[in-house]
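Accompanying notes for the structure given below.
What you see below is based on every heavy atom in this structure, not just the backbone, and it leaves out hydrogens, waters and symmetry mates. Just so you know, ligand 1 is whichever comes first in the structure, and atom 1 is the first atom listed for that ligand.
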Amino acid sequence: MPETAINATGQLNTAELSFDDFKKIVINDYRIGYESRQASLIGRREVLTGKAKFGIFGDGKEVAQLAMAKAFKKGDWRAGYYRDQTFMFATGMSNLQEFFAQLYAYPEIEKDPASAGRQMNCHYATRFVNEDGSWVNQAETMNCSADISTTGGHMPRLLGLAYASKLYRQNKELEYLNKFSVKGNEVAFGTIGNGSTSEGLFFETFNAAGVLQVPMAISVWDDAYAISVPAKLQTTKEDISEILKGFQREKGSNGYEIYKVKGWDYVALCETYERAITLCRAEHVPVLIHVIEMTQPQGHSTSGSHERYKSKDRLGWEEEHDCLLQMRKWMIASAVATEAEMDELEAIAKKYVRDVQKQVWNELSDEILTELNDASQLIERLAEDVSENDELLQVVAELQGCVDPGRKDVVAAIRKSLRLTAKHNTPQKQVLMSWLAEENIKNKKRYSSKLFTGTQYSPLNVSNVPVRYFEDSKFIDGREVLNACFDANFDRDKSIVAFGEDVGAIGDVNQGFAGLQSKYGDLRLTDTGIREATIIGQGMGLAMRGLKPIAEIQYLDYLLYSINVLSDDLASLSYRTRGGQKAPLIVRTRGHRLEGIWHSGSPLGLILNSMRGLHICVPRDMTQAAGMYNVLLRGDEPALVIECLNGYRLKERLPANVGEFTVPLGKAEILNQGTDITVISYGSTLRIVMEAVKELEKLGISVEVIDPQTLYPFDTDNVCGSSLKKTSKLLIVDEDLPGAASAYILQRVIEDQKGYYSLDVQPKTLTAKEHRPPYGSDGGYFSKPSLDDIIEAVYSLMNETDPHKFPAIY
Ligand SMILES: Cc1ncc(C[n+]2csc(CCOP(=O)(O)OP(=O)(O)O)c2C)c(N)n1
Ligand SMILES: [Mg+2]
């Protein structure tokens, strides 16, 4: 196989460069671009012939990416989208083998390091977490944060990646973290399509970076379309850099430097990137590079053809302005290469890419074919012993007849064979079953592993430290307990930062951080604009770069404004890279039990259903919250902590070891021992449940109350299921909608913990009403579970089992 030129672009602007050197660099660049184009062309064919499922490629965007790659250095970061293969090849962060492996969903880290076959094609990532969970030295590698498919969804993360450099440059206390930065001299490169700049996340990020003045370089790849929708319907004045002109920095003001350059002009692109990135790196000024006149030679993706919506004129223009064609013309005109040399280069590149594609496809299909033949033989042997011989041979014939078979075909054939022979138990069937069991283990690793990083650094492995009190420990406001916990942690670990709306100067609206900004400085406790999505993105980027951020969302109700980032980006990060990346971000917020449609929320069902990949902590008071922060701040996985909004002024005892004691995740606590009924609740509602317990005792009912403390993980010691063995009755109380978080808890207890087998009566859930709770105390009483509701719900279950002793109230 010829040696590929991929992975080496040189600087063009050195004064000493001889013409020969210059020619070599340009030819090398063209070869990378041309190989990338071939990959796009072949990739599309592979989808259309059915070998791959979906294809979206970077054709038409090659030349700008060659220029961008020249400015990209070790320690730098990329947060981009699916058009960037040329950039990835040119920087060496990816290669053709990996490109095809991902296209074919090759489920091995060694083949597709970005996602181990989990992500659609052209979704890039470098692995910056080692197998044992430790970080790689990011200052010595080029770094690519993992792509997501939602266009614009990566923008908030980009802000955080850039913001980390600002902290590393300005906070001298962070110098010991030299694995993550060289004094903040890194640039975070973002790419986005013209159409996706219409997204709110783009504008939110753009403004925030202008305020923060961070080394962020956004390139807009402008091909005038977003699938079929033209610029006229996307962007005011059809021109994103034109309308962002107000962000241009002026003498004495903050802001951006904005550049506009044509996507087929190699020389101008190289000059622009050189200039823009040098400034961005040196002065931490964010830059926008608007690359116009880009094309899509093959249309948007394999899901449709652009001839349907582009005019003949436009298609003709695109053909003529193809960036590689233009670069080729320029190279010949400037005597960089002759036409014959270009032809030869192209012929070699074409063959090379084809060879790589075939090699990757053959490797994957050989693996599957071996498994398929093994499985066929096992089924044939089973057929010899049983009466269902014909049916089994038919299964084998169908398996052998599969065109481009996959692992699912193999496993489905085995499972069908086992179904067909359910009534037999021959030794050969045992062989088949153990073969399947082994495959299941492998496939679980391939397709279902690493929702969490799950290494030695997991918060689940943080050693348990019990809470201690001095004999004369004072009772103080709950918020002061939290404040003391944060103070101790900020003092212990210089990499901890907290930011959000009103977090800095006043120490958050409920004063958990009060006084800490003046003690630790405004780089560590920082006010932000009202921009929930980018608060989360800011935290995510910092967490990826070795810092320990606490991102605050002022009230739980506003979490909705960041849920796209939390769900799509943060929660899926470990899974989508199969543990190759992590972002141990702690999201702090407060909720429950207030009044008003946007100030009372407890949407735990929404959270549980959209954020698998985060630990979900629902502490009932500030001491429990402190214990959870102590765990999370020593672990490396993301989490959401929802404090009780009405608990900050309730009195709690200040622990002697407030910055150290732990509340382990997934450990339920029995708050009241009882024998008649089990009540599970969490957060603020627990206080009302405990009041109800006293009333119910007077009625002769003994209630066992359980606080799971974290909803994810949920009661890993089966405390709830064990309690049901004693009480045989279950009530779940929460403030969420009917069928939301309570349904989740039911599934965990009744199904997972086998609570079903202990029940005497139907389990019951007591939740809020379907609407959001209105403003005012009466609204709360009639909308959320009240003391009376809880007492009556418990009582009615007792009445069901013993109506004599507990006659119906109504
Ligand atoms: C949030 C979101 N909305 C819609 C889509 C569907 N979608 C995928 S690509 C695309 C067009 C993007 O156009 P543009 O940003 O101009 O990038 P281009 O593909 O033209 O390079 C759309 C609408 C998506 N992936 N994510
Ligand atoms: Mg576009």
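Judged by the 6.0 Å distance and 45° axis criteria, Arg118 is positioned over the aromatic ring of Tyr575.
For atom 26 (N) of ligand 1, the candidate residues are Asp223, Thr235, Thr151; the nearest heavy-atom contact is made by Thr151. Between Ala231, Ser228, Ser196, it is Ser196 that holds the heavy atom closest to atom 15 (O) of ligand 1.
Of all the heavy atoms of Ser149, the ones lying under 4.0 Å from any atom of ligand 1 belong exclusively to the backbone.
Put simply, Asn194 gets within reach of the Mg ion (ligand 2), with an N, O or S atom under 2.8 Å from it. For the Mg ion (ligand 2), the set of nearby N, O or S atoms under 2.8 Å includes none belonging to Ser196.
Taken from CD in Glu257 to CD1 in Ile289, the straight-line distance is 11.0 Å, to the nearest 0.5 Å.
One finds a salt bridge joining Arg446 and Glu108 here, because a Lys/Arg side-chain nitrogen approaches an Asp/Glu carboxylate oxygen to under 4.0 Å. Ion pairing between a basic and an acidic side chain is recognised when a charged N comes within 4.0 Å of a carboxylate O; Glu274 and Lys70 show no such pairing.
The nearest N/O/S atom of Asp223 to the Mg ion (ligand 2) is OD1.
Here's the thing with Arg83: one of its N/O atoms is less than 3.5 angstrom from an N/O atom of ligand 1. Between Thr150 and ligand 1, a contact under 3.5 Å exists for no N or O pair.
By the 4.5 Å heavy-atom criterion applied to side chains, Leu96 and Gln38 are not counted as neighbours.
Of all atoms in ligand 1, numbered sequentially from 1 with element shown, those under 4.0 Å from a heavy atom of His300 are 9 (S), 10 (C), 11 (C), 19 (O). Listed by atom number, the atoms of ligand 1 under 4.0 Å from Gln296 heavy atoms are 20 (O). Contact atoms of ligand 1 toward Gly193: 14 (P), 15 (O), 16 (O), 17 (O) (distance under 4.0 Å to a heavy atom of the residue). Close approach of ligand 1 to Tyr81 (heavy-atom distance below 4.0 Å) involves ligand atoms 17 (O), 18 (P), 21 (O).
The aromatic rings of Tyr256 and Phe247 sit perpendicular to each other, their planes meeting at more than 60°, with 30° as the lower class boundary.
A salt bridge (charged side-chain N to carboxylate O under 4.0 Å, His left out) with Glu62 holds for exactly one of Arg31, Arg37, Arg83; it is Arg37. Each of Arg281, Arg545, Lys166 was evaluated against Glu186; a single residue qualifies, Arg545, per the salt bridge (charged side-chain N to carboxylate O under 4.0 Å, His left out) test.
In this structure, Tyr561 has its ring center no closer than 6.0 Å to that of Tyr558. Less than 6.0 angstrom separates the ring centroid of Phe87 from the ring centroid of Phe72.
Residue contacts with ligand 1 include Glu199, since one of its heavy atoms falls under 4.0 Å from the ligand. The closest approach between Tyr225 and ligand 1 falls below 4.0 Å for a heavy atom of the residue.
Regarding atom 12 (C) of ligand 1, its nearest protein heavy-atom neighbour is Tyr82 OH, 3.4 Å. Among protein heavy atoms, atom 6 (C) of ligand 1 sits closest to Ile227 CD1, 4.7 Å.
A side-chain donor-acceptor contact under 3.5 Å links Ser149 and His123.
Distance check for atom 1 (C) of ligand 1: a protein heavy atom is found below 4.0 Å.
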